Amino acid sequence: MVHYIIVITLLALGLAPHCLSSKTVGGGYLYPQFYDHSCPKAQEIVRNVVAKAVAKEPRMAASLLRLHFHDCFVKGCDASILLDSSGSIISEKRSNPNRNSARGFEVIDEIKAVMEKECPHTVSCADIMALAARDSTVLTGGPSWEVPLGRRDARGASLSGSNNNIPAPNNTFQTILTKFKLQGLDIVDLVALSGSHTIGNARCTSFRQRLYNQSGNGQPDNTLDQSYASQLRRNCPRSGGDQNLFFLDFVSPIKFDNSYFKNLLANKGLLNSDQVLFTKNGESRELVKTYAYNQELFFLQFAKSMIKMGNISPLTGYRGEIRQNCRKINA
């Protein structure tokens with residue numbers, strides 16, 4: 001009877017109970033209209049702050065996109081990555097994938113501050129990150145999608161999860177695919193989501209082995225274009241310069257497009273984890289070619305895969321909390 005009344009109410013509000021929502025890995029329902037009544041300006045607030053941040057520093061778009069990815073791959077999309085160390089919490093910011101690397105925390109703080117003024121204790125940090133990732137994609141020329149909402153924030157973090165679950169630049173193709181499959185994602189999602197490397201930077205330390213000692217024999221990676229490699233060596237020496245930054249897509253580094261895939265066809269992927277998509281597996285190789293020749297198809301799949309990634313094990317209903325400060329759990 002109660003369920004019947006809820007369904008009638010939803011229909012009266014013009015919301016079909018399930019058709020607009022997306023069933024998540026791990027149970028609960030998320031849906032784009034979640035804040036339409038409780039905080040109608042939520043999406044506008046995120047968009048405005050992100051737009052300002054990206055105008056000031058174009059690289060921030062990639063940073064915010066990556067923050068969502070590094071969050072979702074550890075205990076689900078629950079904003080655990082935003083927690084600072086305190087009490088029994090050891091921050092995920094200290095993990096190998098995140099240390100000296102994850103960034104954009106201040107932008108999330110700024111969004112949260114505006115949000116708390118507009119509608120206190122309503123919009124989760126996890127949803128803010130999902131929206132910021134979408135807006136970052138759109139602002140740099142990529143596709144848009146409706147972000148399912150209703151995630152809640154974790155009351156803990158997992159340093160070990162962050163160290164173990166997030167694919168590393170030097171992982172083998174099989175290891176990367178396995179890490180995606182553990183999250184309920186498949187090879188199509190892997191290739192499409194890797195296309196986010198059409199924007200952003202990587203540090204010398206993330207690909208140095210490809211330039212000097214790919215397989216422990218003192219030889220560079222033979223799947224790396226030689227002239228591109230010699231260009232990279234100028235700013236990425238054998239030792240030192242660990243934090244020197246390089247564009248992941250040197251052709252159009254701040255434009256979200258399909259040139260990342262075209263680079264892979266030319267053996268000019270920056271990270272080992274990029275190039276192996278083209279060299280180590282037939283199915284992923286065909287997907288790389290498809291997206292290199294058809295940007296529209298890449299955009300469509302990227303949006304679909306982002307929604308799917310955003311649905312990894314969210315906390316919904318009464319689980320978790322709505323943090324007042326994204327860096328710490330509520331008292």
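Note that this is a predicted model, so its numbers are computed, not measured. Keep in mind that the numbers below use all heavy atoms, side chains included, and drop hydrogens, waters and symmetry copies.
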Do [X] and [Y] have side-chain N/O donor and acceptor atoms under 3.5 Å apart?
{"X": "Ser305", "Y": "Asp189", "value": "yes"}
{"X": "Arg66", "Y": "Ser101", "value": "yes"}
{"X": "Tyr35", "Y": "Asp127", "value": "yes"}
{"X": "Gln275", "Y": "Thr279", "value": "no"}
{"X": "Asn272", "Y": "Gln214", "value": "yes"}
{"X": "Ser259", "Y": "Asp257", "value": "yes"}

Do you reckon [X] sits in the same ILVMFWY cluster as [Y], going by side-chain contacts under 4.5 Å, direct or chained?
{"X": "Ile128", "Y": "Ile307", "answer": "yes"}
{"X": "Val251", "Y": "Phe256", "answer": "no"}
{"X": "Ile89", "Y": "Leu159", "answer": "no"}
{"X": "Val114", "Y": "Val147", "answer": "yes"}
{"X": "Tyr228", "Y": "Leu265", "answer": "no"}

How many angstroms lie between atom [atom1] of [X] and atom [atom2] of [Y], to the nearest 0.5 angstrom?
{"X": "Asp135", "Y": "Ser144", "atom1": "CG", "atom2": "OG", "answer": "7.5 Å"}
{"X": "Arg234", "Y": "Phe246", "atom1": "CZ", "atom2": "CZ", "answer": "10.5 Å"}
{"X": "Ile322", "Y": "Glu116", "atom1": "CD1", "atom2": "CD", "answer": "9.0 Å"}
{"X": "Ser252", "Y": "Asn263", "atom1": "OG", "atom2": "CG", "answer": "7.5 Å"}
{"X": "Leu248", "Y": "Tyr260", "atom1": "CG", "atom2": "OH", "answer": "8.0 Å"}
{"X": "Tyr291", "Y": "Lys262", "atom1": "OH", "atom2": "NZ", "answer": "15.5 Å"}

So which atom in [X] and which in [Y] form the shortest heavy-atom distance, rounded to 0.1 Å?
{"X": "Gly240", "Y": "Cys204", "value": "O-SG, 4.5 Å"}
{"X": "Pro32", "Y": "Leu149", "value": "O-CD1, 3.6 Å"}
{"X": "Ala79", "Y": "Asp153", "value": "CB-OD1, 3.6 Å"}
{"X": "Asp71", "Y": "Ser80", "value": "OD1-N, 3.0 Å"}
{"X": "Val107", "Y": "Ala53", "value": "CG2-CB, 3.8 Å"}

With a 3.5 Å distance limit and no angle check, can you tell me whether [X] reaches the backbone of [Y] through a side-chain donor-acceptor pair?
{"X": "Ser95", "Y": "Glu92", "result": "yes"}
{"X": "Asn258", "Y": "Ala292", "result": "yes"}
{"X": "Asp274", "Y": "Leu264", "result": "no"}
{"X": "Asn201", "Y": "Leu245", "result": "no"}
{"X": "Asn171", "Y": "Ser273", "result": "no"}
{"X": "Arg94", "Y": "Ser85", "result": "no"}
{"X": "Lys112", "Y": "Val123", "result": "yes"}
{"X": "Arg134", "Y": "Glu146", "result": "no"}
{"X": "Ser91", "Y": "Leu83", "result": "yes"}
{"X": "Asp225", "Y": "Lys268", "result": "no"}

Would you say [X] has more than 12 foreign heavy atoms packed within less than 6.0 Å of its [atom1]?
{"X": "Leu211", "atom1": "CG", "value": "yes"}
{"X": "Glu296", "atom1": "CD", "value": "no"}
{"X": "Lys280", "atom1": "NZ", "value": "no"}
{"X": "Ile254", "atom1": "CD1", "value": "no"}

Taking the side chain as everything from C-beta on, heavy atoms only, tell me whether [X] gets closer than 4.5 Å to [Y].
{"X": "Leu185", "Y": "Leu190", "result": "no"}
{"X": "Leu131", "Y": "Gln43", "result": "yes"}
{"X": "Phe73", "Y": "Met309", "result": "yes"}
{"X": "Asp186", "Y": "Lys308", "result": "yes"}
{"X": "Asp242", "Y": "Arg208", "result": "yes"}
{"X": "Cys236", "Y": "Asn244", "result": "no"}
{"X": "Asn98", "Y": "Ser162", "result": "yes"}
{"X": "Phe180", "Y": "Leu193", "result": "yes"}

Cation-aromatic face contact Lys93/Phe105, 6.0 Å, 45 degrees: yes
State whether [X] and [Y] are salt-bridged, where the test is any N-O pair (Lys NZ or Arg NE/NH1/NH2 against Asp/Glu carboxylate O) under 4.0 Å.
{"X": "Arg103", "Y": "Glu57", "answer": "yes"}
{"X": "Arg47", "Y": "Glu44", "answer": "no"}
{"X": "Lys255", "Y": "Asp249", "answer": "no"}

Qualifying residue, where the test is salt bridge (charged side-chain N to carboxylate O under 4.0 Å, His left out) with Glu321 and the options are Lys328, Arg152, Arg151, Arg155: Arg155
Residue from Phe278, Phe298, Tyr293, Phe299 passing ring pair (Phe, Tyr, Trp, His ring centres under 6.0 Å) with Phe261: Phe298
Steps toward side-chain contact (heavy atoms from CB on, under 4.5 Å) verdict (Asn281, Gln174): CA-CA 9 Å; Asn281 177 279; Gln174 202 46 58; 5.5 Å; no
Working for side-chain contact (heavy atoms from CB on, under 4.5 Å), residues Leu271 and Ser206: CA-CA 7 Å; Leu271 305 177; Ser206 306; 3.8 Å; yes
Test side-chain contact (heavy atoms from CB on, under 4.5 Å) applied to Leu65 and Thr137, step by step: CA-CA 7 Å; Leu65 193 48; Thr137 303; 3.7 Å; yes
For Ile108, the option from Leu67, Val46, Val50 that meets side-chain contact (heavy atoms from CB on, under 4.5 Å): Leu67
Residue of the set Leu287, Ile176, Val288 for which side-chain contact (heavy atoms from CB on, under 4.5 Å) holds with Leu277: Val288
Test side-chain contact (heavy atoms from CB on, under 4.5 Å) applied to Gln183 and Lys179, step by step: CA-CA 7 Å; Gln183 304 296 342; Lys179 287 179 177 180; over 6 Å; no
